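Everything on this sheet refers to the single structure shown next.
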Amino acid sequence: MRPSGKRSLPVLAPARARANDSPLAQRLRRELRGEVLFDAAARGRYATDASIYQIDPLGVVVPENEQDVASTLAIARDAGAPVLARGGGTSQCGQTVGRALVIDHSKRLNRVLDFDAASASVVVQPGIVLDALNAFLKPHGLWYPVDVSTSAVATLGGMAGNNSCGSRSIRYGNMVHNVMAIDALLIDGSRHHFAEVKSCEVEGELDASLGSPEYLELVRAVRAIALREADELERRVPKLLRRVAGYNLDRVSGTPFNMAQLLVGSEGTLAWSSRLHLKLSPLPKHKALGVCHFPSLHAAMEATRHIVKLEPVAVELVDRTLIRLARENPDFRVKIGRFLQGEPGAILLVEFVSEDPSPPARDVDRLAELLADLGFPGSVVRVSEPALQRDVWEVRKAGLNIMMSMKGDGKPVSFIEDCAVPLEHLAEYTDQLTRVFEKHGTEGTWYAHASVGCLHVRPVLDMRRDGAQKMRAIAEEAAELVQRYKGVYSGEHGDGIARSEWIEPFFGPRLVRAFGEIKRLFDPRGLLNPGKIINPPKQDDRSLFRYPPGYASQPLATVLDWSEWGGFDRAVEMCNNNGHCRKFDAGTMCPSYRATGDELHVTRGRANTLRLALSGQLGPDAFTSREMYDALELCVSCKGCRRECPTGVDMAKMKVEFLHHYRARHGVPLRDRLVAYLPRYAAFASRVAPLANWLQSATRGALGFSRQRTLPRWRGDFIRGGADGTTGSDTADEAESSNGVALEREAPRSEARHGGEREVLLFVDTFNRYFEPENTRAARRVLEAAGYRVQLAQAADGGRPLCCGRTFLENGLTDQARLEARRVLESLGPWVTRGVPVVGLEPSCLFSLRDEFVSLEPGATTRALAQAAFTFEEFVARETSAGRFTPTLRALPQKKALLHGHCHQKAFDVMRDVERVLRLVPELEVESIESSCCGMAGSFGYEAKHYALSMRMAELSLLPKLRQTNEETLFVADGTSCRQQIAHGTGRNAVHVARVLESALAGSARKA
Ligand SMILES: Cc1cc2nc3c(=O)[nH]c(=O)nc-3n(C[C@H](O)[C@H](O)[C@H](O)COP(=O)(O)OP(=O)(O)OC[C@H]3O[C@@H](n4cnc5c(N)ncnc54)[C@H](O)[C@@H]3O)c2cc1C
Ligand code: SF4
Ligand code: SF4
């Protein structure tokens, strides 16, 4: 089957720089209240979405309000400039890339405007994200049930634009079934309420109350085309739930009909939706899940058509490859092990819901009986516990993400990833398409919506080499198969650039002409999202690719080791623009975006800017330009993306690489030098602590630190050791009450202080040595009380104390950081060889040993140290499991601890250990706060220019949660800067876990 692509879209603007001052940009700036972004880097960040395409937009508008959008449309109309609406930009087919003026309404137009629980309806602005809407609805027992996998980032405007579909569409339908009406702006400036036209109105005259005369005229014209094409629509449109191609003309040919349904799925080519009127559903009270095991994909696909007769709300496929990949992922291995039996060829996740508890369980019994009848007795694992059900769905939802983490040039590419076929053909279709892949020397992983015959599959292709040819060949053969089985080529993700040219082969020229007429009715000059659905370019036009012919990165002598990815540029290119970093509720990633809402400050925006700069698309020297600095400045190096980005984009590490080159070109400002070299002058400053404290307080404003902050105070009772006048280990035993936290002085010195056999090397970081030495002493006491012989790590050269180099890394002084790393490796190497564990208290410092060192000084000693280095809690948890950590701990006066995890603790997945260790304290209830970065992030929050943002980050969830508690609740935070931020924001102190344990040691009866 050969589709007919009509023309090519232009890719990159010839004069990127000049666009910033174009008359269009100037007029927009004059007339809008919102942001107008026309610079090359900003345009570059909007040139891609989760597809393989890249097209430089004319510019970007981030409207402040609806009026801004109306003005933008008017200005664009006058200038003859195309316009492109954009929400989360997570489209997989290139819907949101184009040579147009992009309107990003996700930042400000994201409110619930009206809600009526009684009628289960809500009116929202287009930029609201689905999870945000559902969080709002949950207390009312309602939800919006189009549960797309991208629910944390997809906007309702975008979901309507693409006619999105969720895992439970077999019960709830797609967007088109759940949008009641849309208020929309047309390019001519008119506003209309697109809604249902009732039977009586259809048959007689249209009621004037439906809208303006222009709207009624539009309705009549649309209706006339739909009725004229009714027979062709009947012939051509497949009778499947999952069909999202072309315009929904068939939905306005019946009686009654709803004009909003024509806008749904129109991909921003007909109008800009300003308000969506949505139908809500009751939240199911009870759910039951059966995990069905099959020996092969074929068997699972054969069984699906029988399973749906039991009326489940979801039947989702996970195939053998995905199971294997999930098992290789440390995060999913444990989860999947809890519900998987043996080595199945495929599993189906079958969910039932009900209002009362017994029926869903009975449904799973019926499912088990059915499968036994089909020849698979004992193949169903029942999952009734909600937490485990969540784990099961998490593995399924992560399907694409697990696949996309593939390194190297070959990547799973989406272009036939959502074809849908009738269930009776599903098994045959998957067999046949697998053979097509084999023929072209590739393979695909199958997963997703078996219930509706819509399976996701992405062949692995190298789009820089022969990917385009293979894509075309596979697309054509797949299309033939889908047509043979009377299926749908676009069953979920829409048309965009990847599939619009396939509308004609499936719908025929007559309907394509009718679609063209519809387009002209709404948008006669073709200004709304051109090239999508109507007059599309060719899917495999390589000039539209993110990696077009000739794409190459400029050579860069990197300072870190990027060999794991095949180079720095390849690591940057791991970002596939899926937009997961725009999530706002769970996890850490990405705190700066959560605070600003700007594409510039999200991991994706940063990765895109880096990629464009490295490949020369932003002009010469762009990599070390001010624009590049702007993109990375607010990255707080939390490493949230390192863990939570599905493809493992590690922006904190990339920032280290960037800062090295940037500082080499532009120099290091005095304030940053003071922070970077702090470990070098710390011993001196501590010895003259009163003077140093006075001096830093007096000069902080002039140096660029916020006057609203108190800088950490130097302590005269710092931990001695090294070339600061002492050589032995710390012996200070005096009472401390830093931060006003009273500690028991008579904490018992275990008999094992010097006598125990088990050795531990305590790595004392700069902060817990000079600013809060009581933490180091607490850790030492606790470990000694448990029978460990504790040594403080000393420099092998007998010189100044060891340092992980973090302050240097964060300020672009990578060579100095490397020096520190070498000293640490040289000093700790012999201990590690002897098998002595290295334990650290400050998460960011300790994890430097496991993370940055590996990039700075790759080698066997580094790897060995990385294996031997533990945070205090990791070590205690490990030893507790082994039965070696058994000191007597007593209950504290405080019965509840609120725990704030340091971002790096979350990034390295050690929070469970922290909680576990705190729970060793009898009667202590431990609650982890759902928070992202505290906003302090090393020196970031101390800087005057970052103060406001730092507080905004803290106020997102951390500080409000802490303020809700009473005085008796213990605040626990292991990060020095986190404790500073908490003290600053609440006026109360948080303590390190080591101090909590120290207070609970038998004999310590006072408050922690
Ligand atoms: C990992 C991954 C998983 C996915 N899973 C699913 C899934 O389970 N189900 C599914 O259906 N899709 C899925 N998608 C595709 C995508 O996430 C959805 O289509 C999503 O609904 C798009 O939302 P968005 O806010 O990103 O929209 P965008 O991509 O920004 O826009 C989508 C379309 O809507 C148009 N549009 C946006 N706002 C307006 C407006 N106000 N007026 C008019 N037109 C507008 C845009 O021009 C564009 O054509 C997935 C994508 C990825 C990357
Ligand atoms: S940085 Fe990661 S999470 Fe963000 S868009 Fe890129 S791949 Fe997705
Ligand atoms: S390191 Fe943190 S702040 Fe920086 S991009 Fe990643 S998630 Fe965002």
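The structure displayed is predicted, hence computed values, not measured ones. Counting convention: from 1, in listed order, for ligands and their atoms alike. In this chain, numbering begins with 1 at the start of the sequence shown.
Relative to the six-membered ring of Trp393, Arg168 meets both conditions, a distance below 6.0 Å and an angle of at most 45° to the axis.
Distances below 4.0 Å separate heavy atoms of Arg86 from the following atoms of ligand 1: 30 (O). Less than 4.0 angstrom separates some heavy atom of Gly161 from each of these atoms of ligand 1: 34 (O). Atoms of ligand 1 found under 4.0 Å from any heavy atom of Pro126 (numbered from 1 in listed order, with element): 41 (N). Listed by number with element, the atoms of ligand 3 under 4.0 Å from a non-hydrogen atom of Cys590 are 3 (S), 5 (S), 7 (S), 8 (Fe). The distance from ligand 1 to the heavy atoms of Ala271 drops below 4.0 Å at these ligand atoms: 42 (N), 43 (C). Contact atoms of ligand 3 toward Met651: 5 (S), 6 (Fe) (distance under 4.0 Å to a heavy atom of the residue). Near Gln95, the atoms of ligand 1 lying under 4.0 angstrom from a non-hydrogen atom of the residue are 48 (C), 49 (O). Shown in contact with Ala50 at under 4.0 Å from a heavy atom are these atoms of ligand 1, numbered in order with element: 53 (C).
Protein N/O/S atoms found under 2.8 Å from atom 2 (Fe) of ligand 2, listed by chain and residue number: Cys645 SG.
Ion pairing between a basic and an acidic side chain is recognised when a charged N comes within 4.0 Å of a carboxylate O; Glu599 and Arg45 show no such pairing. Taking the charged nitrogens against the carboxylate oxygens, Asp183 and Arg191 have no contact shorter than 4.0 Å, which rules out a salt bridge. Asp131 has no carboxylate O lying under 4.0 Å from a charged side-chain N of Lys583, or vice versa, which leaves the two without a salt bridge. For the pair Arg499 and Asp418, the salt-bridge criterion is met [side-chain N within less than 4.0 Å of a carboxylate O]. A salt bridge links Lys639 with Asp851: at least one charged nitrogen is closer than 4.0 Å to a carboxylate oxygen. A salt bridge links Glu316 to Arg396: at least one charged side-chain nitrogen sits closer than 4.0 Å to a carboxylate oxygen. A salt bridge is defined here as a Lys NZ or Arg NE, NH1 or NH2 lying under 4.0 Å from an Asp or Glu carboxylate O, and Glu810 with Lys655 fails to meet this definition. Residues Glu852 and Arg806 are paired through a salt bridge, judged by an N-O separation under 4.0 Å between the basic side chain and the carboxylate.
Scanning all protein heavy atoms for the shortest distance to atom 4 (Fe) of ligand 3 gives Cys635 SG, 2.3 Å. For atom 11 (O) of ligand 1, the nearest protein heavy atom (residue, atom name, distance) is Cys165 N, 2.8 Å. Among protein heavy atoms, the minimum distance from atom 18 (C) of ligand 1 is reached at Ser164 OG, 3.6 Å. From the protein, the heavy atom lying nearest to atom 12 (N) of ligand 1 is His493 CD2, 3.3 Å. With respect to atom 45 (C) of ligand 1, the closest heavy atom belonging to the protein is Ala85 CB, 3.6 Å. Of the protein's heavy atoms, Ser91 OG, 3.3 Å lies nearest to atom 32 (C) of ligand 1. Among all protein heavy atoms, the one lying closest to atom 1 (C) of ligand 1 is Leu400 CD2, 3.1 Å. Residue, atom and distance of the protein heavy atom nearest to atom 42 (N) of ligand 1 are Ser273 N, 2.9 Å. Scanning the protein heavy atoms around atom 19 (O) of ligand 1, the nearest turns out to be Asn162 ND2, 2.9 Å. The single protein non-hydrogen atom nearest to atom 3 (S) of ligand 3 is Val636 N, 3.4 Å, given as residue, atom name and distance. Atom 5 (S) of ligand 2 has Gly579 N, 3.1 Å as its closest protein atom, hydrogens excluded (heavy atom only).
For a threshold of 3.5 Å applied to N or O pairs, the pair formed by His449 and ligand 1 contains no separation below that value. Inclusion of Leu84 in the set of residues having an N or O under 3.5 Å from an N or O of ligand 1 is not warranted. Residue Gly87 places at least one N or O, backbone or side chain, under 3.5 Å from an N or O of ligand 1. Of the polar atoms of Thr150, at least one N or O is found under 3.5 Å from an N or O of ligand 1, judged by distance alone. At a 3.5 angstrom cut-off on N or O pairs, Ala154 does not count as close to ligand 1. An N or O contact shorter than 3.5 Å is missing between Asp147 and ligand 1 by distance.
Within the structure, the closest approach of Asn529 to ligand 1 falls below 4.0 Å when heavy atoms are considered.
For Ala184, no heavy-atom contact with ligand 1 is shorter than 4.0 Å. Of the heavy atoms in Arg606, only side-chain atoms (C-beta onward) come closer than 4.0 Å to ligand 3. Counting heavy atoms under 4.0 Å from ligand 1, residue His105 touches it through the side chain alone. The proximity of Cys933 to ligand 3, defined as any non-hydrogen pair under 4.0 Å, does not occur for either the backbone or the side chain. Proximity of Thr96 to ligand 1, defined as any heavy-atom pair under 4.0 Å, is confined to the side chain (atoms from C-beta onward). For Glu492, heavy-atom contacts with ligand 1 shorter than 4.0 Å involve the backbone as well as the side chain. Within the 4.0 Å heavy-atom criterion, the part of Gln92 lying near ligand 1 is the side chain and not the backbone.
Across the listed options Ala631, Cys638, Ala595, Cys638 owns the non-hydrogen atom lying nearest to atom 2 (Fe) of ligand 3. The heavy atom nearest to atom 37 (C) of ligand 1, out of those in Gly579, Gly491, Gly158, Ala448, is found in Gly158. Considering Leu270, Thr90, Leu263 only, the shortest heavy-atom separation from atom 26 (O) of ligand 1 involves Thr90.
Checked against the 6.0 Å centroid threshold, Phe940 and His946 count as a close aromatic pair.
Partner of Phe658 under the side-chain contact (heavy atoms from CB on, under 4.5 Å) criterion, chosen from Met651, Met628, Lys653: Met628. A side-chain contact (heavy atoms from CB on, under 4.5 Å) with Leu349 holds for exactly one of Leu317, Val395, Val392; it is Val392.
Checked against side-chain hydrogen bond (donor to acceptor under 3.5 Å, both in side chains), Asp523 has the following partners two or more places apart in sequence or in another chain: Lys519.
A distance of 4.0 Å separates CD1 of Ile533 from CD of Glu267, quoted to the nearest 0.5 Å.
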Between Glu64 and Arg108, does a salt bridge (charged side-chain N to carboxylate O under 4.0 Å, His left out) hold up when you go through it step by step? CA-CA 6 Å; Glu64 181 73 28; Arg108 300 212 188 277; 3.2 Å; yes

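At a cut-off of 3.5 Å, with distance as the only test, no side-chain donor of Asp495 or Ser500 sits close to an acceptor on the other residue. Checked by atom type, the side-chain pair Tyr46/Asp104 shows a donor-acceptor distance below 3.5 Å.
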